[in-house]
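On a predicted model such as this, the values are computed, not experimentally measured, just so you know. Every number for a ligand or one of its atoms is a count from 1 in the order of the listing.
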Amino acid sequence: MNTEIWKASSSRLVDAHCHLYEFPSEEVEKYQEYRILAVSDNFESSLKTLKLAERFDNVIPCIGLHPWEVRENCLEEVEQILKLAPKALCLGEIGLDKLFTPQTFKLQLKVFSEFLKFSKEYELPVNVHAAGAWREVYDLIRRYDIEKAVFHWYSGPLDLLEEIVGSGYFITINPTVTINKKHMRALQAVELENVLTESDGPYKYRGFYLKPELVKEVVKTIAKVKEVEVENVVAQVYRNLERFLF
Ligand SMILES: [Zn+2]
């Protein structure tokens with residue numbers, strides 16, 4: 001991993017899963033109080049994310065191919081994306097989805113395996129999507145002996161969460177935790193040491209317009225659930241981000 005990509009920044013709030021390239025640049029400029037792990041969905045957006053990281057110190061670039069973007073003959077695109085890796089600090093958004101795109105699952109397995117092989121070889125952490133495939137994603141990550149992983153918007157089973165934490169991996173908590181019961185149960189069960197905060201913005205979901213600002217609400221909810229001060233949550237999540245990356 002090329003750690004020189006990590007730039008000093010005074011931003012302390014963490015958005016560990018954001019499709020930042022989709023926001024207009026005036027808005028990106030306003031988000032400098034957040035340390036943003038900016039994920040990409042395909043080759044083109046990976047390029048955009050890398051450009052944002054050059055421009056803004058608070059942006060940490062991730063490159064990848066989202067499972068929803070997986071289609072026939074996309075392995076060439078994967079290869080193109082991986083050529084950009086020397087400029088990235090993380091691979092994402094990558095993973096498997098059996099809930100929304102089960103029709104490409106076989107191909108997703110192939111693509112995800114390619115990314116994991118690469119992650120292992122170049123020690124790049126992974127930012128994963130695992131809707132409807134929590135167990136499959138975890139098992140593959142273990143099989144490839146990946147050291148650093150974050151399971152974004154975790155709403156999988158609690159016994160698996162125990163294994164995730166036991167392996168030293170992280171989950172992100174999303175603003176929708178206040179209305180999503182499975183996600184809330186995960187927050188109640190997980191140790192603060194394994195938590196990162198996220199927006200997954202820009203995305204509309206059940207009355208929420210997800211964007212980095214909402215991380216402030218997430219931090220407050222975590223503080224309430226864990227019965228600790230908001231400041232402690234902010235500091236611990238920031239330390240977790242550093243542990244995830246380095
Ligand atoms: Zn996402």
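Here the protein contributes His17 NE2, His19 NE2, Glu93 OE1, Asp200 OD1 as N, O or S atoms under 2.8 Å from the Zn ion (ligand 1).
Contacts of Glu123 classified as side-chain contact (heavy atoms from CB on, under 4.5 Å), with partners at least two apart in sequence or in another chain: none. Taking the side chain to side chain donor-acceptor pair (under 3.5 Å) definition, one finds that Asn58 meets it with nothing, sequence neighbours left out.
Among Val14, Leu245, Leu89, the one residue that satisfies the side chain to side chain contact (heavy atoms under 4.5 Å, CB included) test with Leu37 is Leu245. Among Ile81, Ile146, Leu140, the single residue meeting the side chain to side chain contact (heavy atoms under 4.5 Å, CB included) criterion with Phe115 is Ile81.
A cation-pi geometry, defined here as NZ or CZ lying under 6.0 Å from the six-membered ring centre and within 45° of its normal, holds between Lys98 and Phe105.
Residue pairs that meet the salt bridge (Lys or Arg N to Asp or Glu O under 4.0 Å) test with at least one member in residues 21-50, sequence neighbours left out, are Glu29-Arg55, Glu33-Lys216.
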